[in-house]
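Structure first, then comments.
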Amino acid sequence: MFKLAIIDFDGTICSTHGAVRHVIDLTFASFDRPAPDAAAVDSAIGSGAVVSEVFGGLLGLEPTDPQREAWATRYREIYNDGEGLARTELFPGVREGLESLAAAGCRSIVLSNKGRAALGQALAHFGIDGHFEMVIGDAPGFVRKPRPESYRELIAPRFAGVRADQTFMFGDTATDILYARNIGVPAFWARYGFGDAETCQALKPERTLDAFSEAADFAAMEA
């Protein structure tokens with residue numbers, strides 16, 4: 001049986017698409033710039049990119065351009081001031097699914113490229129923070145998915161008794177599936193989320209889920 005679930009946040013636990021799009025528009029307005037094309041925003045959100053990369057793409061900035069982080073900082077200020085949480089919804093069945101995972105003997109953590117402050121705020125708001133033994137998000141020094149450092153340096157040491165083959169990564173974008181590949185664990189793809197379906201299916205995730213609650217059914221199977 002699986003013993004550890006590494007769970008993404010945006011598009012897996014919570015529906016945040018509208019929140020992210022809204023705050024991106026407010027960020028552009030705060031810099032006195034017109035709102036970006038909606039299709040471009042949707043594509044960026046579906047890629048699983050971190051917020052500085054999203055603005056880099058929308059603004060056509062080079063990877064080393066400091067404006068990327070300036071825009072990302074402004075975005076986080078607006079998002080964490082309530083604009084993001086006000087438009088965030090918990091996906092159906094998340095509470096029940098987390099309870100079922102625990103009942104099946106599977107421990108849970110959150111791993112997201114979203115900012116750590118926003119994660120803590122949302123999990124507490126929906127009253128599900130107590131289900132997670134770790135909450136890992138974007139902060140200074142954090143190496144983002146799909147790179148494997150967060151698993152090697154943070155997760156594996158904390159769960160030393162849990163093997164990689166007893167662990168699964170549960171997320172909705174190609175970034176999550178690639179992270180699973182990089183750390184050597186099965187990928188559970190949340191098809192109900194925001195990831196590009198064609199891209200994610202091409203990566204051949206081990207399990208495809210149409211609802212969060214299905215995770216417990218798969219976790220109870222032989223790892």
Side-chain angles (χ1 to χ4, degrees), residues 7-91 94 110-129 135-147 149-150 171-179 190 192-200:
I7 308 175
D8 175 54
F9 180 80
D10 288 312
T12 305
I13 293 173
C14 278
S15 176
T16 57
H17 193 285
V20 172
R21 179 189 285 175
H22 173 70
V23 177
I24 286 174
D25 286 350
L26 291 180
T27 303
F28 271 79
S30 75
F31 283 99
D32 199 25
R33 297 278 296 270
D37 178 74
V41 173
D42 290 345
S43 177
I45 295 172
S47 73
V50 297
V51 66
S52 59
E53 294 169 348
V54 168
F55 283 109
L58 294 174
L59 295 163
L61 302 174
E62 294 295 328
T64 56
D65 194 317
Q67 288 190 69
R68 282 180 172 234
E69 194 54 45
W71 280 69
T73 297
R74 181 62 183 137
Y75 169 91
R76 294 187 189 101
E77 290 172 352
I78 298 171
Y79 196 103
N80 295 338
D81 196 36
E83 291 288 349
L85 189 57
R87 291 166 176 77
T88 295
E89 298 179 355
L90 196 67
F91 277 118
V94 169
V110 171
L111 174 66
S112 173
N113 286 344
K114 194 181 194 69
R116 178 64 180 80
L119 290 173
Q121 188 182 58
L123 296 173
H125 173 78
F126 290 109
I128 57 173
D129 48 331
V135 177
I136 306 170
D138 192 20
F142 173 65
V143 181
R144 302 157 180 147
K145 298 179 291 184
R147 289 179 55 179
E149 283 88 341
S150 59
D172 68 312
T173 69
T175 294
D176 299 304
I177 300 171
L178 291 171
Y179 181 80
Y192 60 85
F194 309 131
D196 180 79
E198 184 176 354
T199 300
C200 291

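When reading the values below, keep in mind they use all heavy atoms of this one structure, side chains included, and skip hydrogens, waters and symmetry mates.
Under the ring-ring contact (aromatic ring centres under 6.0 Å, His included) criterion, His17 pairs with Phe194, sequence neighbours left out. For Glu69, the side-chain contact (heavy atoms from CB on, under 4.5 Å) partners at least two apart in sequence or on another chain are Ser52, Ala72, Thr73, Arg76. Partners of Phe126 according to the ring-ring contact (aromatic ring centres under 6.0 Å, His included) rule, which considers only residues two or more places apart in sequence or in another chain, do not exist here. Taking Arg116 as the reference, Val135 meet the side-chain contact (heavy atoms from CB on, under 4.5 Å) condition, with sequence neighbours excluded. Residues passing the ring-ring contact (aromatic ring centres under 6.0 Å, His included) test with Tyr79 are Tyr75, sequence neighbours excluded. Not counting sequence neighbours, the partners of Ala117 by the side-chain contact (heavy atoms from CB on, under 4.5 Å) test are Asn80.
From Asp172, atom CG reaches atom CD1 of Ile7 across 12.5 Å, with rounding to the nearest 0.5 Å. If you take CG on Leu61 and CD on Gln67, they are separated by 5.5 Å, rounding to the nearest 0.5 Å. Within the model, atoms OG1 of Thr88 and CD of Gln121 stand 8.5 Å from one another, a figure rounded to the nearest 0.5 Å. In this structure, the separation between CD1 on Ile24 and CD1 on Ile45 is 5.0 Å, given to the nearest 0.5 Å.
Considering every non-hydrogen atom in both Leu119 and Ile136, the closest pair reads CD1-O, 3.8 Å. What you find for Cys200 and Ala174 is that their closest heavy atoms are SG-N, 3.5 Å. Looking at every heavy atom in both residues, Asp25 comes nearest to Pro36 through OD1-CD, 3.7 Å. Nearest heavy atoms, Leu90 versus Cys14: CD1-SG, 3.7 Å. Considering all non-hydrogen atoms of both residues, Thr12 and Gly171 come closest at OG1-CA, 3.4 Å. Across Gly84 and Ala19, no two heavy atoms sit closer than the pair O-CB, 3.3 Å.
With contacts defined as side-chain heavy-atom distances shorter than 4.5 Å, the pair Asp8/Thr175 does not qualify. Contact annotation: the side chain of Glu62 never approaches that of Arg68 to less than 4.5 Å [non-hydrogen atoms, C-beta and beyond]. Phe9 places none of its side-chain heavy atoms less than 4.5 Å from the side chain of Leu111.
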Evaluation steps, side chain to side chain contact (heavy atoms under 4.5 Å, CB included), between Ile128 and Ile13: CA-CA 10 Å; Ile128 57 173; Ile13 293 173; 3.8 Å; yes

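Counting only distance, with no hydrogens or angles, the side chain of Arg21 and the backbone of Val41 share no donor-acceptor pair below 3.5 Å. Looking at Asp176, its side chain does come within 3.5 Å of a backbone N or O of Thr173 through a donor-acceptor pair. At distances below 3.5 Å, not a single donor-acceptor pair connects side-chain atoms of Ser150 with backbone N or O atoms of Arg144. Judged by distance alone, the side chain of Asn113 and the main-chain N or O of Lys145 form a donor-acceptor pair under 3.5 Å. In terms of modelled atom types and a separation under 3.5 Å, the side chain of Ser30 and the main chain of Thr27 share a donor-acceptor contact.
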